[in-house]
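Scroll down for the structure; my scribbles are underneath it.
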Protein chains: 2
Amino acid sequence: MDGRFKLDNQLCFRLYTASRLITQAYHPLLSQYGLTYPQYLVLLVLWEKDSQPVNDIAKRLMLETNTVTPLLKRMEAEGILTRTQGKKDARQMIVKLTKKGRELQDKLTEVPETVGSSVMCQSVTPETVPGLFRMLDDIIEQLKHNNNESNS
Amino acid sequence: MDGRFKLDNQLCFRLYTASRLITQAYHPLLSQYGLTYPQYLVLLVLWEKDSQPVNDIAKRLMLETNTVTPLLKRMEAEGILTRTQGKKDARQMIVKLTKKGRELQDKLTEVPETVGSSVMCQSVTPETVPGLFRMLDDIIEQLKHNNNESNS
DNA sequence: AATATTTATATCGTTCACGATGCAAATATA
DNA sequence: TATATTTGCATCGTGAACGATATAAATATT
């Protein structure tokens, strides 16, 4: 048989595993503040631009609202953010950081670098990372379109 | 502020998104046979080598048994595989494909290529894939050790 | 203006991931 | 051989992901 079905030939398995392991690397850094990795992603989005409707956050993270809504509710329960109905558009829920949510940024300053440096290795260096980013971005862009096409 | 917290600078977010989107690309191909992507990974492992204890499958997929056990039970309920107590070691559960599980390989022949070709794009080509694999493998290897160190 | 369609969000059910914990069989140590 | 430790697997609880579906508000169409 050819190597078609060999696990070691699968790009997806590598992405899946790398993603899981790097999320695990975030865990000890985030859990001391009661955060999960997806919650940290929401914070990244809101730190860049506070006060956004659910949909904008979901789009930025390329997730569906049915994933993001419960996530936001948990963060609201933790006092990290507030969800208030939009004024212009009553369907929208505007998500806004609380003081606690904003202050988390100061407490997590060392997180990006800690994790960033922990993945650096022989073939992953400041020189090669841009190429890696490019390939991953291309794959993401490609799949975003392919996947959308197939449900139309 | 520097770009430390910018979502667009995060390797992990790219891996996480690429992994999710590529799993979604598998979905229409697998769901017609009642399979999920992690279940497909289990099949890849068992097609390579049938009749393995739970632990070997988990190690191959770099997952914990508490993830794999329920997964295998669902596949057992679907009649894809059997779980029988080991003879030499009564703690082990030996996982073996059924006829149905083996025959799935013939039905899924086109899956690897379909997904494989759907990620090919400008910067991801047969020439660049080995480099991508190398970087992902390095990252995985690195994190596997780092993550283990921190719980010891 | 009344009706249809679209949009923004939420709810529900199922399947992972995974930390924490439990338990019994196997192995090591005393 | 009795006791301690390790190993293999399972159970439990929580938080994602996500397909399917629901609901109400906004917009488009008639």
Side-chain angles (χ1 to χ4, degrees), chain A residues 13 16-28 30-32 34-42 52-59 61-78 80 83-95 147-148 150-151, chain B residues 13 16-28 30-32 34-42 52-59 61-78 83-95 147-148 150-152:
Chain A
F13 177 59
Y16 161 80
T17 303
S19 170
R20 282 179 33 248
L21 293 183
I22 200 165
T23 300
Q24 286 174 28
Y26 274 100
H27 187 263
L30 297 177
S31 67
Q32 56 185 309
L35 292 171
T36 64
Y37 178 69
Q39 290 174 8
Y40 173 70
L41 290 182
V42 169
Q52 295 192 54
V54 173
N55 207 16
D56 289 15
I57 298 172
K59 281 218 178 89
L61 300 177
M62 290 184 253
L63 291 166
E64 302 295 320
T65 61
N66 57 4
T67 298
V68 174
T69 293
L71 215 161
L72 292 173
K73 282 187 167 181
R74 282 187 284 270
M75 294 176 79
E76 186 183 34
E78 296 292 327
I80 296 169
R83 296 160 60 252
T84 51
Q85 196 166 26
K87 282 172 186 165
K88 290 188 315 186
D89 190 331
R91 293 169 303 179
Q92 289 186 333
M93 286 296 271
I94 307 296
V95 180
N147 292 352
N148 281 348
S150 51
N151 3 325
Chain B
F13 177 61
Y16 160 80
T17 303
S19 170
R20 280 180 35 247
L21 294 182
I22 199 165
T23 300
Q24 286 174 28
Y26 274 101
H27 187 262
L30 298 178
S31 67
Q32 55 185 309
L35 292 172
T36 64
Y37 179 69
Q39 289 174 8
Y40 173 69
L41 289 181
V42 169
Q52 295 191 55
V54 172
N55 207 17
D56 288 15
I57 297 172
K59 282 216 177 93
L61 299 177
M62 290 184 252
L63 292 165
E64 301 295 319
T65 61
N66 58 0
T67 298
V68 174
T69 293
L71 215 160
L72 291 174
K73 281 187 168 182
R74 282 187 285 271
M75 294 177 80
E76 185 183 34
E78 296 291 328
R83 297 160 59 253
T84 51
Q85 195 166 26
K87 283 172 184 165
K88 289 190 313 189
D89 189 331
R91 292 169 303 179
Q92 290 186 331
M93 285 297 271
I94 307 297
V95 180
N147 291 352
N148 282 346
S150 49
N151 359 329
S152 63

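To find a chain, count down the sequence lines: A is the first, B the second, and so on, and within it residues start at 1. These numbers come from the heavy atoms of this one structure, side chains and all, not from hydrogens, waters or symmetry mates.
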Using a 4.0 Å heavy-atom cut-off, does P53(B) contact any base of the nucleic acid, only the sugar-phosphate backbone, or nothing at all?
sugar-phosphate
Rounded distance (Å) that lies between atom C1' of dG15(D) and atom CG of L63(A)
13 Å
Counting any heavy atom closer than 4.0 Å, what does T36(A) reach on the DNA or RNA strands: base, sugar-phosphate only, or nothing?
sugar-phosphate
A side-chain contact here means heavy atoms from C-beta on lying under 4.5 Å apart; do M93(A) and T84(A) qualify?
no
Rounded distance in Å - CG (L72(A)) to P (dA8(C)):
16 Å
Should T67(A) be listed as having a side-chain N or O under 4.0 Å from OP1 or OP2 of dA16(D)?
no
Does a nitrogen or oxygen in the side chain of Q39(A) sit under 4.0 Å from OP1 or OP2 of dA16(D)?
yes
Q92(B) side-chain N/O to dC9(D) phosphate OP1/OP2 under 4.0 Å:
no
How close or far is atom C1' of dA16(D) from atom CG of L61(A), stated in whole angstroms?
13 Å
Do K59(B) and D56(B) come close enough that some side-chain heavy atom pair is under 4.5 Å?
no
Residue-phosphate contact under 4.0 Å: Y16(B) side-chain N/O, dA17(D) OP1/OP2:
yes
Would you please name every residue forming a salt bridge (charged side-chain N to carboxylate O under 4.0 Å, His left out) with E78(A), sequence neighbours left out?
none
Between C1' on dC18(C) and CG on N147(B), what's the gap in Å once rounded to a whole number?
13 Å
Does N66(B) make a side-chain donor-acceptor contact with the base of dG19(C), cut-off 3.5 Å?
yes
Could you label the plane-to-plane angle of the Y40(B) and Y26(B) rings as parallel, tilted or perpendicular, counting under 30° as parallel and over 60° as perpendicular?
tilted
With nearest nucleotide decided by heavy atoms, which residue, D89(A) or Y37(A), maps closer to the 5′ end of DNA chain D?
Y37(A)
Would you indicate what K59(A) reaches in the nucleic acid, counting non-hydrogen atoms under 4.0 angstrom: base, sugar-phosphate, or nothing?
nothing
Is any side-chain N or O of R91(A) under 3.5 Å from a base N or O of dT7(C), one able to act as donor and the other as acceptor?
yes
Rounding to an integer number of Å, can you tell me how far K73(B) NZ sits from dA17(C) C1'?
17 Å
